[in-house]
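The residues of the chain are indexed from 1 along the displayed sequence. This is a predicted model, so every value here is computed, not measured.
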Amino acid sequence: PIYDCPNNLDADTYLRELAIKGLTRRLKGNVLKDYSDRLIYELSIIKKMGFSNYFLVVYDFILYAKKNNILVGPGRGSAAGSLVAYSLGITEIDPLKYDLLFERFLNPERITMPDIDSDISRTVRPRVIEYVKEKYGKDCVCGIMTTNAQAPKGAIRIAAKRYGLSLDKEGTDKDAGKKFLGLADKIAKSVPSEVGISFNTILDNKVSLYNSLLSEFAENRDAVEIIKWAKVFEGCFTAYGAHAAGIVITDGTPVKDLVPLRWNDKLGIYTTQCDMIEVEANGMLKFDFLGLKTCDIITTCLWQLHKEGIDIDIYNIPMDDQEVFAEIYSNAQTDSVFQFESAGMKSMLKRFKPTSFEDLIILVSMFRPGPLQYLDDVIDVKNGVKPMTFLTPELEPILGPTCGAITYQEQVMRIFQELAGYSLGGADLVRRAMSKKHLDEIEAERHNFLFGNKERGIKGCIANGIKEDAANALFDQMTAFAAYAFNKSHAAAYAFNSYVTAFLKYHYPAEFLTSAMQWAEKTEKKDPIPGLMAE
């Protein structure tokens, strides 16, 4: 989409003006050299890659939301690493303060489109989208189609029906398809509820979910047959849907002139007849308007406080309130505290006892399958039980803040840059190959990491005085961990949302807890209302 800049300015010039004014306002006129250098650098990359209009469009609808008292989150994803986004008010995390890398978001060597995700209160999200339609044309704004596939739990229920019907050879039992649904539900309870789980997912016991289920129900012939059929049904098409957040905005050309559309009767909107990857392949850009329940809880709480004569700017609360860390986090009083509600996380909080915002970023990043296995060592280092150690002394400034453990994708990029002399863009490409387990690319890169590559301007670890065995071990460690390493920019934004909810809960418990109850949603396993009432 083309942003209509004032005073006949081009997009690059107008973005530069807004960013300089915004940064000056953010830093209250005291713009230090490292900030100005970073801003100039980011603006040059954005201009070179042709994304000034993209930033301006996002800035415009975020500004509209804020002017109309619509709560917008601090950002999420790698965009939180952009100083330009911070200066424009698109994000609310200072990337220099928390060592967030712009190159993780955008760099000249990246071939995929940038992605700025915006969290918005769900109740008023349609209002922001309506504003975009009015500004860019109703025919030029459209939802994005998704194709829904059968996940393991649903596949198990379908397999149970199919298995029951197969046993009814005569076709006379009208309840044949229902006979094994109870067994299906029992099997499904052994399937983790996390997003993206599949029968091929490797569990903590180093066995795939499929083999784990076969082993668990080995004594039950009916269950084994259902599990085998469920693996066949997994991934089968179930229905067309609409992307939960993605919206297409074109350059003024009606979307229907670029791709065919389909009417989504359930949502009452048009969507493209292609998914988000095909949307980009057809030259259109996706903007993400994410409806986040946490924004609704915070909004309701702030509105109640306003009615009581108390106005709070959540983006200017003290981020080092030790009472919040001690009473909410260290005591695990975290029902309705964003990202820290699970029983496992509560147990970990009591052991970790976070005392700073940076600690929250670590926990958001590490409390997931994969990194969780390293968290015990991190806790021991933090509590002084175990000394912090490094494969080579050069790692201390990079891994010291996370107790010696590789925790963030940005740390992997820093290691490639500072120990081997990669550009951050080149480091991100290798990090991506590692995360996607492209083994041929990874092994081809090992030589460059150790010994350098003159053509690519890579010096290599050995030339920087690092021992070959240490460099090799470090490369192996990064390869093993890169698939699990978390985006620190994303973790920082999530940690911010969490801290805001914890701050409100500690200082204004009545208003916060009633807001949380208002927005409470039952899950398969839990009704949150009794817990909130008890608190």
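Annotation: Lys66, atom NZ; neighbour count of heavy atoms from other residues, nucleotides and ligands within 6.0 Å is above 12. Within a 6.0 Å radius of CD1 in Ile40, other residues, nucleotides and ligands contribute more than 12 heavy atoms. Environment of OH in Tyr240: sparse, with no more than 12 heavy atoms of neighbouring residues, nucleotides or ligands closer than 6.0 Å. Atom CG of Asn8 is surrounded by 12 or fewer heavy atoms from other residues, nucleotides or ligands within 6.0 Å.
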For residues 392-406, which side-chain N or O atoms pair as donor and acceptor with protein atoms under 3.5 Å away, sequence neighbours left out?
unit_1	atom_1	unit_2	atom_2	d
Thr392	OG1	Glu394	OE1	2.4
Thr402	OG1	Leu399	O	3.2
Thr402	OG1	Ala405	O	2.7
Thr402	OG1	Gln411	NE2	2.9

side-chain contact (heavy atoms from CB on, under 4.5 Å) between Val259 and Met284, intermediate numbers included: CA-CA 10 Å; Val259 292; Met284 292 172 288; 3.6 Å; yes
Tyr329 vs Ser498, side-chain hydrogen bond (donor to acceptor under 3.5 Å, both in side chains): CA-CA, chis, key distance, verdict: CA-CA 10 Å; Tyr329 287 110; Ser498 176; 2.8 Å; yes
Verdict with supporting geometry, Asp99 and Arg414, salt bridge (Lys or Arg N to Asp or Glu O under 4.0 Å): CA-CA 10 Å; Asp99 193 28; Arg414 286 277 192 217; 2.7 Å; yes
Worked verdict on Ser82 versus Thr91 for side-chain contact (heavy atoms from CB on, under 4.5 Å): CA-CA 8 Å; Ser82 168; Thr91 59; over 6 Å; no
side-chain contact (heavy atoms from CB on, under 4.5 Å) assessment of Thr146 paired with Met276: CA-CA 8 Å; Thr146 59; Met276 64 181 186; over 6 Å; no
Test side-chain hydrogen bond (donor to acceptor under 3.5 Å, both in side chains) applied to Asp60 and Tyr131, step by step: CA-CA 10 Å; Asp60 180 63; Tyr131 166 75; 2.8 Å; yes
CA sep, side-chain torsions, deciding dist, call: Phe451, Glu468, side-chain contact (heavy atoms from CB on, under 4.5 Å): CA-CA 9 Å; Phe451 303 106; Glu468 184 174 341; 3.8 Å; yes
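In this structure, Lys231 is not positioned above the aromatic face of Phe199 in the sense of NZ or CZ being under 6.0 Å from the six-membered ring centre and within 45° of the axis.
Here Arg432 pairs with Asp428 in a salt bridge; the nearest charged N to carboxylate O distance falls below 4.0 Å. Ionic pairing of Glu92 and Arg26 is present here: one or more N-O contacts between side-chain nitrogen and carboxylate oxygen are shorter than 4.0 angstrom. A salt bridge does not link Glu109 to Arg456: none of the charged nitrogens lies less than 4.0 Å from a carboxylate oxygen. Ionic pairing of Arg446 and Glu443 is present here: one or more N-O contacts between side-chain nitrogen and carboxylate oxygen are shorter than 4.0 angstrom.
A donor atom on one side chain and an acceptor atom on the other are not found under 3.5 Å apart for Tyr374 and Thr407. In summary, the side chains of Thr238 and Asn148 do not present any donor paired with an acceptor at a separation below 3.5 Å, with no hydrogens or angles considered.
Closest approach of Leu100 and Gly81 over heavy atoms only: CB-CA, 3.7 Å. Of all non-hydrogen atoms in Val128 and Tyr64, the two that sit nearest each other are CA-CE2, 4.2 Å. Between Ser489 and Gly77, the shortest heavy-atom distance links the atoms CB-O, 3.5 Å. Ala433 and Ile442 make their closest contact through O-CD1, 3.7 Å (heavy atoms, listed as atom of the first residue, atom of the second, distance).
Screening Asp117, Leu71, Asp119 for a side-chain contact (heavy atoms from CB on, under 4.5 Å) involving Leu292 leaves a single residue, Asp119. Test Phe338, Phe340, Phe486 against Tyr494 for ring-ring contact (aromatic ring centres under 6.0 Å, His included) and you get one pass: Phe338. For the ring-ring contact (aromatic ring centres under 6.0 Å, His included) with Tyr54, the lone residue among Phe287, Phe105, Phe61, Tyr59 that qualifies is Phe287.
In this structure, Tyr408 OH and Asn487 CG are separated by 11.0 Å, a value rounded to the nearest 0.5 Å. Once rounded to the nearest 0.5 Å, the distance linking CG of Asn107 with CG of Leu101 reads 10.5 Å. Glu410 contributes atom CD, which lies 8.0 Å from atom CZ of Arg431 (distance to the nearest 0.5 angstrom). One distance of note links CG of Leu88 with CD1 of Ile62; it measures 10.5 Å at 0.5 Å rounding. Separating the CE atom in Met413 from the CZ atom in Arg104 is a distance of 7.5 Å, to the nearest 0.5 Å. In this structure, the separation between OG on Ser78 and NZ on Lys488 is 14.5 Å, given to the nearest 0.5 Å.
Between Phe449 and Tyr422, the two ring planes are tilted [angle within 30° to 60°]. Between Tyr499 and Phe325, the ring-plane angle classifies as tilted under the 30° and 60° cut-offs.
Identified under the salt bridge (Lys or Arg N to Asp or Glu O under 4.0 Å) test for residues 351-363, with sequence neighbours left out: Arg351-Asp376, Asp359-Lys382. Pairs engaging residues 242-252 under the side-chain hydrogen bond (donor to acceptor under 3.5 Å, both in side chains) rule: Asp251-Thr253 [sequence neighbours left out].
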